[in-house]
2 protein chains.
Amino acid sequence: MQDHLTSTFSALADPTRRAMLARLAQGPATVTELAEPFALALPTISRHLKVLEGAGLITREKSAQFRPCRLEARPLEEADAWIGTYREFFSQRFDALEAQLKTMMAAKAKEEDKQ
Amino acid sequence: MQDHLTSTFSALADPTRRAMLARLAQGPATVTELAEPFALALPTISRHLKVLEGAGLITREKSAQFRPCRLEARPLEEADAWIGTYREFFSQRFDALEAQLKTMMAAKAKEEDKQ
DNA sequence: ATCGTATTTGCATCATTGGCTAAATACGCA
DNA sequence: TGCGTATTTAGCCAATGATGCAAATACGAT
């Protein structure tokens, strides 16, 4: 799983894990807390967390028998930066749409002039 | 593969596919053109493209025996929006860093005052 | 030392994925 | 019609991933 982006995106490619991140965005949580919303066995949850940890999306401390998980921004920022590369492309597309819209409106106006 | 984000992220979770998108950001290309930079058999390329198409990241027309692929912005925008949810979290972290830096600088200044 | 809670590890299973080769398909052109 | 190029389908394999159950581990509290 070589580079960061690959492990980050593949970690994000799972709804359960995305939901976990959403939960963690509101503050740290234990494994059991994170498991609560899902109909999944704890070992399964544990493994999802390991994937997230492997991607650097979360870190965990060891506090008594609990393992509080904490969201880490770094990989998300990197993913954001990668997608950011295409933002120009988004706007181009948007501009094109806008241009087309203008053309249509102009045509329509012209049409109405005739009447 | 239920929702858009899942298929989008899992499509992005492969370096070859990301490279293909990077190429397509500069304009449409045929399968063979897209295959050129990689040491992969054409059927493999073809399947990568099918994944990208399945995620809506590309569309293709049929022009003679060629299948030009074109980058589509929509899924990237959605992924961008999802990650955008966490942007506040990024900046928080950044602010914290900045605050810490200020504290350190203040401490250092104080230290120098003493001398 | 023992009990109970929190979490992980160890198989086993089933589906998916990425890759290859060989064969099929689709189309323009001679 | 027949050839050559472009691309996909089919079949096979190895690796990975998601999930469950049962057992192990870790640690606080009694």
Side-chain angles (χ1 to χ4, degrees), chain A residues 1-24 27-71 75, chain B residues 1-24 27-71 75:
Chain A
M1 193 148 314
Q2 296 222 14
D3 63 301
H4 286 193
L5 281 175
T6 299
S7 56
T8 299
F9 281 133
S10 69
L12 296 181
D14 181 291
T16 301
R17 288 193 291 260
R18 287 199 302 278
M20 285 171 158
L21 293 182
R23 164 64 188 79
L24 288 174
T30 68
V31 176
T32 315
E33 282 168 355
L34 285 166
E36 195 270 322
F38 306 103
L40 294 175
L42 268 169
T44 304
I45 298 292
S46 183
R47 256 159 234 150
H48 276 306
L49 291 173
K50 188 175 282 184
V51 172
L52 290 172
E53 191 176 21
L57 284 159
I58 65 172
T59 52
R60 336 169 64 169
E61 7 162 349
K62 183 178 289 191
S63 156
Q65 68 267 72
F66 305 90
R67 299 287 170 93
C69 304
R70 171 186 309 281
L71 182 58
Chain B
M1 194 148 317
Q2 296 220 14
D3 63 301
H4 285 192
L5 281 175
T6 297
S7 55
T8 300
F9 281 132
S10 69
L12 296 181
D14 181 291
T16 301
R17 289 193 290 261
R18 287 198 302 278
M20 284 169 158
L21 293 182
R23 163 65 188 79
L24 288 174
T30 67
V31 177
T32 315
E33 282 167 353
L34 285 168
E36 195 268 324
F38 306 103
L40 294 175
L42 268 168
T44 304
I45 298 293
S46 183
R47 272 165 50 181
H48 277 305
L49 291 173
K50 187 174 284 185
V51 172
L52 290 172
E53 191 177 22
L57 283 158
I58 65 172
T59 52
R60 337 170 60 169
E61 6 162 350
K62 185 177 288 192
S63 157
Q65 69 267 74
F66 305 89
R67 304 277 161 98
C69 305
R70 171 185 310 280
L71 182 58

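Just the heavy atoms: all of them, side chains too, but no hydrogens, waters or symmetry mates, feed the values below. The structure displayed is predicted, hence computed values, not measured ones. So that the names make sense, note that chain A is the first sequence line, chain B the second, and so on, each numbered from 1.
- One atom, CZ of A:Phe66, and another, C1' of C:dG4, lie 11 Å apart when rounded to the nearest Å.
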Please set out all donor-acceptor pairs under 3.5 angstrom arising from side-chain atoms of residues 39-57 of chain A, sequence neighbours excluded.
| unit_1 | atom_1 | unit_2 | atom_2 | d |
| --- | --- | --- | --- | --- |
| A:His48 | ND1 | A:Arg17 | NH1 | 3.1 |
| A:Glu53 | OE1 | A:Arg60 | NH1 | 3.4 |

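- Residue A:Thr16 is classed as having no contact, given no heavy-atom separation below 4.0 Å to the nucleic acid.
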Per-pair distances, 0.1 Å, donor-acceptor, side chain in residues 27-35 of chain B, under 3.5 Å, sequence neighbours excluded:
| unit_1 | atom_1 | unit_2 | atom_2 | d |
| --- | --- | --- | --- | --- |
| B:Thr30 | OG1 | B:Glu33 | N | 3.2 |
| B:Glu33 | OE1 | B:Thr30 | N | 2.9 |

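- To the nearest 0.5 angstrom, B:Leu12 atom CG is 9.0 Å from A:Leu5 atom CG.
- Within the 4.0 angstrom heavy-atom criterion, base atoms lie near B:Ala41.
- No contact: A:Ala11 has no heavy atom under 4.0 Å from any strand.
- Nucleotide C:dG18 holds its C1' atom 9 Å from the CZ atom of B:Arg17, rounded to whole Å.
- Straight-line distance from the CG atom of A:Leu40 to the P atom of D:dC21: 11 Å, rounded to whole Å.
- Nearest heavy-atom pair, A:Phe38 versus A:Ala19, reported as atom, atom and distance to 0.1 Å: CZ-CB, 3.5 Å.
- Atoms CE (A:Met20) and P (C:dT7) sit 12 Å apart, rounded to a whole Å.
- Considering only residues two or more places apart in sequence or on other chains, A:Pro15 meets the side-chain contact (heavy atoms from CB on, under 4.5 Å) condition with A:Arg18, B:Asp3, B:Thr6.
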Its contact letters, B for base, S for sugar-phosphate only and - for none at protein heavy atoms under 4.0 Å, make nucleotides 25-30 of chain C read --BS--

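- As a whole-Å value, the separation of B:Leu12 CG from C:dT17 P is 14 Å.
- A heavy atom closer than 4.0 Å to some atom of DNA chain C occurs in B:Pro43, B:Thr44, B:Arg47, B:His48, these being the qualifying members of residues 43-61 of chain B.
- For the pair A:Glu33 CD and C:dT5 C1', the computed distance is 14 Å after rounding to whole Å.
- Atom CG in A:Leu42 sits roughly 14 Å away from atom P in D:dA22 (whole-Å rounding).
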- [ ] Under the side-chain contact (heavy atoms from CB on, under 4.5 Å) rule, what do B:Arg67 and B:Lys62 come out as? Steps first, then yes or no, please.
- [x] CA-CA 5 Å; B:Arg67 304 277 161 98; B:Lys62 185 177 288 192; 3.6 Å; yes

